[in-house]
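Computed from a predicted structure; not experimentally measured. Only heavy atoms go into these numbers, but all of them, side chains included; no hydrogens, no water, no symmetry mates.
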Amino acid sequence: MSMELLEAPEYQNGAECPILSRSSFFFSRSDPLLVHIAMTLDPEYLRGTMAAVHSVLKHSSCPENIFFHFLASDSSSVRPNDFIPLLHSAFPSLSFRVYEFKESLVNNLISSSIRQALENPLNYARIFLADILDPSIRRVIYLDSDVIVVDDIHKLWRISLSGSRTIGAPEYCHANFNKYFTSQFWSDPELAGVFVGKRACYFNTGVMVMDLGRWREGEYTREILKWMKVQKERRIYELGSLPPFLLVFGGDVEAIDHRWNQHGLGGDNVVDSCRNLHPGGVSLLHWSGKGKPWARLDAKKPCPVDHLWEPYDLFRKPEQKSLSSSL
């Protein structure tokens, strides 16, 4: 892999952190003291993933008690195991595992989207977390690769999912929910009936707290795949992997404070435009949309918010390579 990364500082637990035995840390990923975070490893977005991991560790009160689960495609030019040395080079003490995601699970179910990047099979890997991760792991935080966490991730981890709710995420009930589905969907009473009696709101699947135990019990992977099959036959939505989540969980999501997903910083799905932060507190910045901060910074056309991402970037720039080689 051609990318070279700087080594991140080694972040250590504070005195108040529960102590993990070394044996449980390496051999029992089900240890209740661990915070589990799942992300994907895509060569195109790898720089973003590394910055996101860096931000999580930097602001965590107990960074040594975090375990990362990385999903990598079996069909990429980069094999899943090839990411391991790169992760070790940037984060020598990081506890993680890399899993192979089989694109064949979704290849025949992916429909064309309004943006080609949304058709990447790895976007659908989050659907299979309950199947891929060990059954002993009953809870995970899923994060997209274009986020930066600027608060203690343990705060997000401790949020309760009330009743039988399976996922928690910031909801946006002011958004026009109808636009996420086609007129063919809304004109069919049988299809649209899935939302009858529910107050379904838009939520972004790039930041989710997921109860994997309830997910497995509810067989929600199968439910989402069922809607993807309907989409192939009827064309009921236009936007990638989000609508199936809305169809299955809309109206039954644990609403998390908006500070945990300041999304849309990459513009919309068609235009790379600059956007300001939403009013209120900020715990997580999310460059959802077409524009990505590393690309805009490299092109020397950054948006103001991109400078908030820059301190977490571990990409070794040409001038840094020259300096290190001269020492």
Side-chain angles (χ1 to χ4, degrees), residues 1-11 37-60 63 66 68 70 83 86-87 89-91 94 96 115 117-118 120 122-123 141-153 155-156 169-170 204-208 257-321:
M1 195 179 303
S2 59
M3 179 179 288
E4 291 186 38
L5 298 174
L6 300 168
E7 182 177 325
E10 185 171 356
Y11 299 105
I37 298 176
M39 303 184 72
T40 59
L41 292 172
D42 183 333
E44 187 174 348
Y45 292 93
L46 186 60
R47 190 169 163 188
T49 302
M50 295 299 180
V53 172
H54 185 195
S55 72
V56 169
L57 298 175
K58 179 178 176 62
H59 296 285
S60 171
I66 299 175
F68 284 88
F70 295 111
F83 289 103
L86 195 68
L87 286 160
S89 71
F91 308 104
L94 189 69
F96 69 90
R115 183 158 59 92
L118 300 177
N120 185 337
L122 205 53
N123 281 334
I141 295 172
Y142 176 82
L143 297 177
D144 269 351
S145 297
D146 50 2
V147 307
I148 289 296
V149 177
V150 293
D151 202 346
D152 188 353
I153 198 71
K155 295 178 183 177
L156 184 59
N204 182 286
T205 57
V207 181
M208 295 185 289
D257 194 296
H258 288 179
R259 67 183 303 127
W260 284 103
N261 195 348
Q262 287 264 344
H263 68 293
L265 300 182
D268 62 30
N269 279 304
V270 179
V271 180
D272 173 359
S273 57
C274 293
R275 291 187 177 178
N276 297 322
L277 294 176
H278 311 305
V282 181
S283 293
L284 183 147
L285 305 169
H286 188 186
W287 279 261
S288 58
K290 186 176 181 180
K292 302 306 173 191
W294 56 91
R296 297 194 295 213
L297 285 162
D298 285 353
K300 302 192 184 310
K301 296 180 180 178
C303 295
V305 294
D306 296 342
H307 295 294
L308 300 175
W309 179 91
E310 195 171 15
Y312 304 97
D313 186 15
L314 294 175
F315 178 64
R316 189 188 292 271
K317 300 174 180 64
E319 59 269 22
Q320 291 170 317
K321 295 180 186 178

(message) Is it the case that the side chain of Lys292 and the backbone of Trp287 share a donor-acceptor pair, with hydrogens and angles ignored and the cut-off at 3.5 Å?
(response) yes
(message) If I take atom CG from residue Leu57 and atom CG from residue Leu94, how far apart are they, to the nearest 0.5 angstrom?
(response) 6.0 Å
(request) Taking all non-hydrogen atoms of both residues into account, name the closest pair between Ser55 and Val149 and its distance. (result) OG-N, 2.9 Å
(message) Restricting to non-hydrogen atoms, name the atom on Ala52 and the atom on Met39 that form the minimum distance, rounded to 0.1 Å.
(response) CB-CE, 3.6 Å
(request) Would you confirm whether Asp298, through its side chain, and Ala295, through its main-chain N or O, come within 3.5 Å as a donor-acceptor pair? (result) no
(message) Using 0.5 Å steps for rounding, measure from the CG atom of Leu41 to the CZ atom of Phe68.
(response) 11.0 Å
(message) To check you understand the geometry: which heavy-atom pair defines the closest contact between His286 and Asn204, and what is its length?
(response) CE1-OD1, 3.2 Å
(message) With rounding to the nearest 0.5 angstrom, report the CG to CZ distance, Leu6 to Phe315.
(response) 9.5 Å
(request) Using a 4.5 Å cut-off on heavy atoms from C-beta on, say whether the side chain of Asp313 contacts that of Leu297. (result) no
(request) Would you mind reporting whether Ile37 and Val56 have side-chain heavy atoms less than 4.5 Å apart? (result) yes
(message) Using side-chain heavy atoms (C-beta onward) and a distance below 4.5 Å, is Leu265 in contact with Asp146?
(response) no
(request) Please state whether the rings of His59 and Tyr312 are parallel, tilted or perpendicular, taking 30° and 60° as the class boundaries. (result) tilted
(message) One thing to verify: whether Lys301 and Asp272 come together as a salt bridge, which I'm taking to mean a side-chain N less than 4.0 angstrom from a carboxylate O.
(response) no
(request) Enter the distance from Ile153:CD1 to Ile66:CD1 here, rounded to the nearest 0.5 Å. (result) 7.0 Å
(request) Report yes if some heavy atom in the side chain of Val305 is under 4.5 Å from a heavy atom in the side chain of Arg275; otherwise report no. (result) no
(request) Report yes if the side chains of Thr40 and Tyr142 come closer than 4.5 Å at any heavy-atom pair, otherwise no. (result) yes
(message) When you measure from the side chain of Asp42 to the backbone of Glu44, do you find a donor-acceptor pair of N or O atoms at a distance under 3.5 Å?
(response) yes
(message) Please verify the inter-ring angle class for Trp294 with Tyr45; under 30° counts as parallel, over 60° as perpendicular, anything in between as tilted.
(response) perpendicular
(request) Could you tell me which non-hydrogen atom of Leu143 sits nearest to which non-hydrogen atom of Val207, and how far apart they are? (result) CD2-CG1, 4.1 Å
(message) Surrounding CG of Asp257 (heavy atoms of other residues, nucleotides or ligands, distance under 6.0 Å), is the total greater than 12?
(response) yes
(request) Write down the atom of Leu87, the atom of Met50, and the distance for their closest heavy-atom approach. (result) CD2-CE, 3.4 Å
(request) Over all heavy atoms of both residues, which pair between Pro9 and His54 is shortest? Give the atoms and the distance, please. (result) CD-NE2, 3.8 Å
(message) Please tell me whether Trp260 and Asp151 have a donor and an acceptor in their side chains that are separated by less than 3.5 angstrom.
(response) no
(request) Assess whether side chain to side chain contact (heavy atoms under 4.5 Å, CB included) is satisfied between Leu86 and Leu46, documenting all intermediate values. (result) CA-CA 10 Å; Leu86 195 68; Leu46 186 60; 3.2 Å; yes
(request) Could you tell me the separation between the CG atom of Asp306 and the CZ atom of Arg296, rounded to the nearest 0.5 Å? (result) 4.0 Å
(message) Tell me if a side-chain donor or acceptor on Ser60 pairs with a main-chain N or O of Asp152 at a distance below 3.5 Å.
(response) no
(message) Measuring from atom NE2 of His263 to atom OG1 of Thr205, what distance do you get when rounded to the nearest 0.5 angstrom?
(response) 11.0 Å
